[in-house]
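Report on one structure; see the data block that follows.
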2 protein chains.
Amino acid sequence: MDNKSTEDYIKSIYRLEQDNGTALTTSLARLLGVGAGSVTDMVKKLSDKRLLHYEPYQGAKLTPDGKRLALKMVRRHRLWEMFLVTFLNYKWDEVHDEAERLEHVTSEGLEQRIDKALGYPKVDPHGDPIPTAEGELIDVSYKSLSDCNVSDEGVIVRVSDDSPEMLQLLTKLGLGLNTKIRISQKVKYDGSVIITMGGREIPLSPVMSKSIFINIPE
Amino acid sequence: MDNKSTEDYIKSIYRLEQDNGTALTTSLARLLGVGAGSVTDMVKKLSDKRLLHYEPYQGAKLTPDGKRLALKMVRRHRLWEMFLVTFLNYKWDEVHDEAERLEHVTSEGLEQRIDKALGYPKVDPHGDPIPTAEGELIDVSYKSLSDCNVSDEGVIVRVSDDSPEMLQLLTKLGLGLNTKIRISQKVKYDGSVIITMGGREIPLSPVMSKSIFINIPE
DNA sequence: TAATAAATTTAGGCTTACCTAAATATAAAT
DNA sequence: ATTTATATTTAGGTAAGCCTAAATTTATTA
Ligand SMILES: [Mn+2]
Ligand SMILES: [Mn+2]
Ligand SMILES: [Mn+2]
Ligand SMILES: [Mn+2]
C-alpha cells in the first residue's frame, strides 16, 4: 500500500497508454528504472486494486479509477512545478525532480490552496496543461517544430520537460514560452530545423525540434 | 532504508531524549503509534547506521550524526509550518500534519529557498525556534503559565503544538502569539490558572496552562 | 527476600516492492 | 514451417517495517 510506487506506476502507465495505446512491460520497466519482473508483479497488484486491466503479454490499460488517479497526480505534479517557479524562484529546468516527490505528499487541501495561490493556472512552466480538479484535461495538440513547414510562424507554447539539460540550453538560446519564432529552413541532410528569432538564425537538432511546440495563428 | 521511518524515529528519539534524558522503548512506541517489538527492531537498525547508541532495556540516545539529522528534520518541519501559514493561508492548527509529510521530501535546495522566501524566520507559527542550517538550536526556555505567579505579566511567545483542538480553542478565545496577558489567579482546588487579557478574565485548565508560555520582561 | 507487575526483547510471520535467473510465449527471420 | 531473437512471466529470494505472542529482564511491592 505504498503511495509513491502506486502513483508513479499509474502515471507512467497513463503516459505510455496515451502514446502507444497500451503500456508494455519493458517500456514501463525502463521508464520506472526497475526490472521487468518487478513490473509484472506490480501490474498484477494494481489490477487487483482495479486501477488497470492487465492482459499477459499485451500490457496494461488504466480503468476509469486508474485514469482518475493518473490525472490527479499529473495535476499535482504540474501545480507544484508552477508553484515552485512562481513562489520560490525555481527555473523551469529545476522543478521536475522536486515535483516528482512533492506530488506524493499532497493533500486535497494543499492542492486547492496551491491552485488558488497561483490563480488557477491552466498550464505548467513547460506549457503542459494542468488537469482540472474534476479530472478534465484539455488536450492541446500543438505542432512540433519538426512538423512545421518553412515560413510557419508562431509562439512557443510548450516544450517537452523530460530533459533539464535541454531546458537549460533553450534558456541559454533565449528561447522560452511565448517566444515568437519562424521556421526559416528545414535541413533534409540531418533533419535539423533552422528558426529565426529576433533576427538571429538558430539551428535546432532533430530531437530538439521534436521537443518544441508552437501555436500558429491562422 | 526508508526515509520517512528513519526520520520520524530520529525526531521522536530526539524529543524524548531532550525531555527524559533517554528514549525508552514504550514511550517511542506510543509516540510513533507502533508496537514495542517494532521499536526494538528499528532501534537496532538505527544503531547499525550509527545514528544512535542503544543499550538494551536502557533506551536510545542519539549520536552526533543522529542529532544532526534530528535537527535537520525539526528545521524542515518548522520551516514548512511557517511557509504554509505565510504563503498558503493555513491556520496554525492546520499545519502540523502537512509538515509531518512534507519534511521528508525536502531537498537541501528547497529548504534554502523556503528559508529565504520567509526572510530567514527564527520561530515557527507556534513560537518554536527553528534550528539553523548548521544545526544550532537556540534554546529559549520560557515559563509556562502554570509556572508563573499571580500578577506576572507578559506576552505569549510559544504554545505547545501537539493538539490542533487546543490551538483552535486558543484562537477562539482570542489568544495567539504576542497576545499580552496577566496571571490574575491560581486556583489551588483544580490547578486552573485565570488570566486577564484586554479586560476579560479567562480561566485555563491545568493542561492548557502548561501548554502556553510567556515572556516576562524584567 | 520473594513474589508480582511492568517493561522490554525475542521469535515467528506478514506485506510491499524490489532483484536475478530460468522458463515460456510471441515476433521476426530464415 | 522452423529456427532464432526478443519480450514477458515465473520462481525463488531479499530487506524494510510492521504485527502478535511468548520469554525474559528490570522494577515494585509485599
Ligand atoms: Mn513521483
Ligand atoms: Mn512540466
Ligand atoms: Mn514526519
Ligand atoms: Mn510547530
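Basis for what follows: all heavy atoms, side chains included, without hydrogens, waters or symmetry-related copies. A, B, ... follow the sequence lines: proteins, then strands. Residue 1 opens every chain.
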Check: With a 3.5 Å cut-off and no angle check, do the side chains of B:D124 and B:H77 form a donor-acceptor pair?
Finding: no
How many Å lie between [atom1] on [X] and [atom2] on [N], as a whole number?
X: A:D48; N: C:dT15; atom1: CG; atom2: C1'; value: 13 Å
X: A:N3; N: C:dA17; atom1: CG; atom2: C1'; value: 14 Å
X: B:K49; N: D:dA15; atom1: NZ; atom2: P; value: 14 Å
X: B:L24; N: D:dT25; atom1: CG; atom2: P; value: 18 Å
X: B:M42; N: C:dT10; atom1: CE; atom2: P; value: 17 Å
X: A:K45; N: D:dT10; atom1: NZ; atom2: P; value: 14 Å
X: B:D8; N: D:dC18; atom1: CG; atom2: P; value: 9 Å
X: B:L46; N: D:dC18; atom1: CG; atom2: P; value: 10 Å

Notebook entry, point to check: NA contact type, B:G35, heavy-atom cut-off 4.0 Å: base, sugar-phosphate, or nothing?
Noted result: sugar-phosphate
Margin query: Students often get this wrong, so: under 4.0 angstrom with heavy atoms, is B:T25 touching a base, only sugar-phosphate, or nothing?
Written below: sugar-phosphate
Any side-chain N or O of [X] less than 4.0 Å from the OP1 or OP2 oxygen of [N]?
X: B:S38; N: D:dC19; answer: yes
X: A:S5; N: C:dC18; answer: yes
X: A:Y9; N: C:dC18; answer: yes
X: A:K44; N: D:dT10; answer: yes

Next item on the list: Enter the distance from A:I114:CD1 to A:F87:CZ here, rounded to the nearest 0.5 Å.
Entry: 9.5 Å
Item checked: A:T63 side chain vs A:R50 backbone, donor-acceptor pair below 3.5 Å -> yes
Checklist line | Whether over 12 other heavy atoms sit under 6.0 Å from B:K67 NZ | finding: no
Checklist line | Neighbour count >12 (heavy atoms, 6.0 Å) for atom NZ, B:K143 | finding: yes
Notebook entry, point to check: Taking the nucleotide of DNA chain C with the closest heavy atom to each, which residue, A:D41 or B:S27, is nearer the 5' end?
Noted result: B:S27
Notebook entry, point to check: So which one's nearest nucleotide on DNA chain C is more toward 5', A:G37 or A:P56?
Noted result: A:G37
Note to self: Among D:dT8, D:dG17, C:dA17, which nucleotide has an atom closest to any side-chain atom of B:T6?
What the structure shows: D:dG17
